[in-house]
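Down below is the structure, laid out as structure tokens.
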Number of protein chains: 2
Amino acid sequence: MKRVNTTLISGMQEFLPPRQAKFDDFLARICEVFQKHGFMHIETPAIERMEILLAKAGGETEKQIYKVMKTAETGEEADQGLRFDHTVPLARYVVEHEGKLSFPFKAMQIGRSWRGERAQKGRFREFYQCDVDVIGRGKLDAAYDAEVIATLVQALLALELETPVVARISNRKLLMGFLRELGLIEQAQKICRIIDHAEKISYEEVRYALTELGLGNDEVKKITHFMELRGVPEEVLKGLERLKIQDEMFGEGVYELKRLTKLLEEEQLIGHIEVDLKIVRGLDYYTGTVFEFGLPEYKQVGSIGGGGRYENLAGYFSEQKFPGVGGSIGLSRLFDIILDNNLVKSQVGKPLDYAVVPISEQEVSYANKVARDLRGEGFRVTVVLTDKRLGDKLAYAARLADNAVVVGEKEARTGEHEVKRFN
Amino acid sequence: MKRVNTTLISGMQEFLPPRQAKFDDFLARICEVFQKHGFMHIETPAIERMEILLAKAGGETEKQIYKVMKTAETGEEADQGLRFDHTVPLARYVVEHEGKLSFPFKAMQIGRSWRGERAQKGRFREFYQCDVDVIGRGKLDAAYDAEVIATLVQALLALELETPVVARISNRKLLMGFLRELGLIEQAQKICRIIDHAEKISYEEVRYALTELGLGNDEVKKITHFMELRGVPEEVLKGLERLKIQDEMFGEGVYELKRLTKLLEEEQLIGHIEVDLKIVRGLDYYTGTVFEFGLPEYKQVGSIGGGGRYENLAGYFSEQKFPGVGGSIGLSRLFDIILDNNLVKSQVGKPLDYAVVPISEQEVSYANKVARDLRGEGFRVTVVLTDKRLGDKLAYAARLADNAVVVGEKEARTGEHEVKRFN
């Protein structure tokens, strides 16, 4: 026998049954909220053509794609890879099945993706994401932005965590319009990147990075002031008015943000919403509303999901325009934080309702009958078939089940038995 | 825009939402039966170390493993691959977590595996399997064989297919004991392989293949007679008695088969059970009970799952002995057969219960309120937020939902609305 390494590969998650049951409970709660909000489940293959994966991926992501290949192939021939998110497969799916879908198409995807990231705490190489997207054909009403955010926040609330959940919201038209007004549209991409990273670096570093771009003191001050607008929607909207920006795109951004926050208020979610103009969410993809979920009491863990509005889902694959809005919950990461900090309110009980314990082999048939009847009533039941001593069988039963039924000669004969409840 | 290939990769499955809903319904039914029988869900990573995968894989399977590697790596460096079944990961899991599991450990695994097979009808490169296994430490009672088979048959029956499902059962000790009695133990492996393939070739080819091994006419006749023993348990057991075999292992096989079929009879599954001594299930792995599921009315599609008893789950990874019994349903394949032959009795309805249709933007808030209330009652609800004409909105609603609520100025004002039921 060759000694092989059976430990978990770094960057993967794997649970013992009780923890798996809790994870499954989370998945079921998220799935239920998504379905109640009218999203339809789709599941794409884990493997996509590299040309599909590379069409959108750029920079870091491209380097993180796992290529897959059959044993006979060599690395150079590999033209397939594992999906690194749900958005690229969704784009392919929508283009491929366009004629058979009803638009706006409300899709939910719950499953694993893979990224060959450098292994570190909270970063997984195989991770669960729970996505919702609404895809329009040609155009898509802005009210769907509110629906996607409401659905995702409701799903997070359904987990009953013992810590608040907050969605920080912005609209990229605000920042873009603001930079246009300042005459900084050429540096916009670089400024976006600095703002996107602002929470990971110090205030001085942000100022320094902006100065490095050749911006004057006054411009840097204006940008850092803008970045710091944050709080309840009403106040941030007032702050935006005070900027007296004339730019048309900025105006659109204000209008969209106002409508979005009003709709979220009607959904009674306003306590879970904050407007934060630092939220940018990457660089090119999003074009309007952007949002990010976090646990304010655990800031150091960073984002647990997010999303936004995009002009065109499948610009890489199709000339047809598919605007959309979508977002996701990073469940593997969130679950890791929850376990580390003991944030689970709802408890999952023992895996089984009943363990039926025949005292000897003679009572197995009757024990099976008892189990059958209990299953017929909807219970989860096991029959303990080991030849151990009764005490050992009961100890095993107590670990796994809420109740035990011990079946001896008398019970098998009379057809009567008692239920013993474990505490 | 570069034109890329958005079609599904050959050997993969991907569904439109209504078909996905049916697939999900199947998964849920199988999962429910597994859980009611006391199996606990575990989920291992899709990616395993190649040394783990290669420890058990041999022959064809080894060539079919998908290697995975990060973009920077070349083929030679790839030391990880995608799992090709659930058994190898289970073996690693049990060895790795042994101290924290309760034995007998009843595990269920439902998920995808990958094999780079030659693409052909009914063969998938990415496929769902639904597995149950009972793993003992040191030893495991034979009554668990009946439990695994009963659980899997019940799961198949829960799908309510419009065609019978049959489990064909044998015990490898019968064939091995029989061959030992004939003095053919040295050729046993080769004979097993011929019997394993007997259903795919003609009777003459079987005889020819046996003769090629150097067997005499009389031996060939005895073996083909043995192979043809098939039918209800009682009759096959009588047929086995008539062979008058003295071999001890053969006797054990008869005893185990008798006990197994008696337990399955008590589970009222005897109508779905057939003893068939041609069932071998591969070569080395299984050591006792073996079984295979099929649809007798669709013989040409072959097996839709199977399994058996094994002496030692993790002989490759551990010196500890873990005997087990397990089996699986090949759901991707089964689902493909079901779709091709229209075998689904149970129907999945439309994805949504209600579509709420605001006539104009003014009624969106009230429409959201109606949706919120309906969701509170547990319904799946969408709000139709397109700016199309009412007729188009209702056509969209009718495609997706069982009922519509149209919300106009009057409804928003009075707070009263009617439900329109689609047929």
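Computed from a prediction, not measured in an experiment: that's the story for all the values here. We name chains A, B, ... by the order of the sequence lines, and we start the count at 1 in each one.
Looking at heavy atoms from C-beta onward, B:Thr6 lies out of side-chain contact with A:Ser318 at the 4.5 angstrom threshold.
Contact count against chain B (heavy-atom pairs under 4.5 Å) is highest for A:Thr44 among A:Asp353, A:Val95, A:Thr386, A:Thr44. Ranked by heavy-atom pairs shorter than 4.5 Å toward chain A, the options B:His41, B:Lys100, B:Glu96, B:Arg49 are led by B:Arg49. Contact count against chain B (heavy-atom pairs under 4.5 Å) is highest for A:Glu43 among A:Met40, A:Arg19, A:Glu43, A:Gln35. Of the listed residues A:Trp114, A:Tyr144, A:Phe15, the one with more heavy-atom pairs under 4.5 angstrom with chain B than any other is A:Tyr144. If you tally non-hydrogen atom pairs under 4.5 Å between each of A:Leu385, A:Asp141, A:Leu352 and chain B, the highest count goes to A:Leu385. Interface summary for chain A: among B:Val364, B:Leu8, B:Ile47, the most heavy-atom pairs under 4.5 angstrom belong to B:Ile47. Each of B:Ala143, B:Pro351, B:Ala46, B:Ala355 has some count of heavy-atom pairs under 4.5 Å with chain A, and the biggest count is that of B:Ala46. Of the listed residues (A:Met12, A:Gln154, A:Glu126, A:Lys262), the greatest number of heavy-atom pairs within a distance under 4.5 Å of chain B belongs to A:Glu126. Heavy-atom pairs under 4.5 Å with chain A were tallied for B:Gln13, B:Lys369, B:Glu32, B:Lys139; the largest tally goes to B:Lys139. Contact count against chain B (heavy-atom pairs under 4.5 Å) is highest for A:Asn5 among A:Asn368, A:Ile42, A:Leu263, A:Asn5.
With a 4.5 Å cut-off on non-hydrogen atoms, A:Leu400 touches chain B through its side chain but not through its backbone. Looking at A:Phe103, only its backbone comes within 4.5 Å of chain B, counting heavy atoms on both sides. Only the side chain of A:Asp387 comes within contact range of chain B, with at least one heavy atom under 4.5 Å from a heavy atom of that chain. Contacts of A:Lys393 with chain B are absent, with no heavy-atom separation under 4.5 Å from either backbone or side chain. Contacts between A:Arg112 and chain B at a heavy-atom distance below 4.5 Å involve the side chain alone, from C-beta outward. Using a 4.5 Å cut-off between heavy atoms, A:Val381 contacts chain B through both its backbone and its side chain. Only the side chain of A:Leu82 comes within contact range of chain B, judged by heavy atoms closer than 4.5 Å. Proximity to chain B (any heavy atom under 4.5 Å) is shown, for A:Ile9, by both the backbone and the side chain.
A donor and an acceptor atom, one from each side chain of A:Arg399 and B:Ser102, are located under 3.5 Å apart. Donor-acceptor pairing under 3.5 Å is recorded for the side chains of B:Ser365 and A:Glu266.
A salt bridge is absent between A:Arg372 and B:Glu147: the closest approach of a Lys/Arg side-chain nitrogen to an acidic carboxylate oxygen does not fall below 4.0 angstrom. Look at A:Arg92 and B:Glu14 and you find a salt bridge, because one of the NZ, NE, NH1 or NH2 atoms lies within 4.0 Å of a carboxylate O, short of that distance. Ion pairing between a basic and an acidic side chain is recognised when a charged N comes within 4.0 Å of a carboxylate O; A:Arg259 and B:Glu361 show such pairing.
Of all heavy-atom pairs spanning A:Tyr93 and B:Leu16, the tightest one is OH-CA, 3.3 Å.
Partner A:Thr382 forms a side-chain hydrogen bond (donor to acceptor under 3.5 Å, both in side chains) with one of B:His37, B:Lys36, B:Lys106 and no other, that one being B:Lys106.
In terms of modelled atom types and a separation under 3.5 Å, the side chain of A:Arg380 and the main chain of B:Val33 share no donor-acceptor contact.
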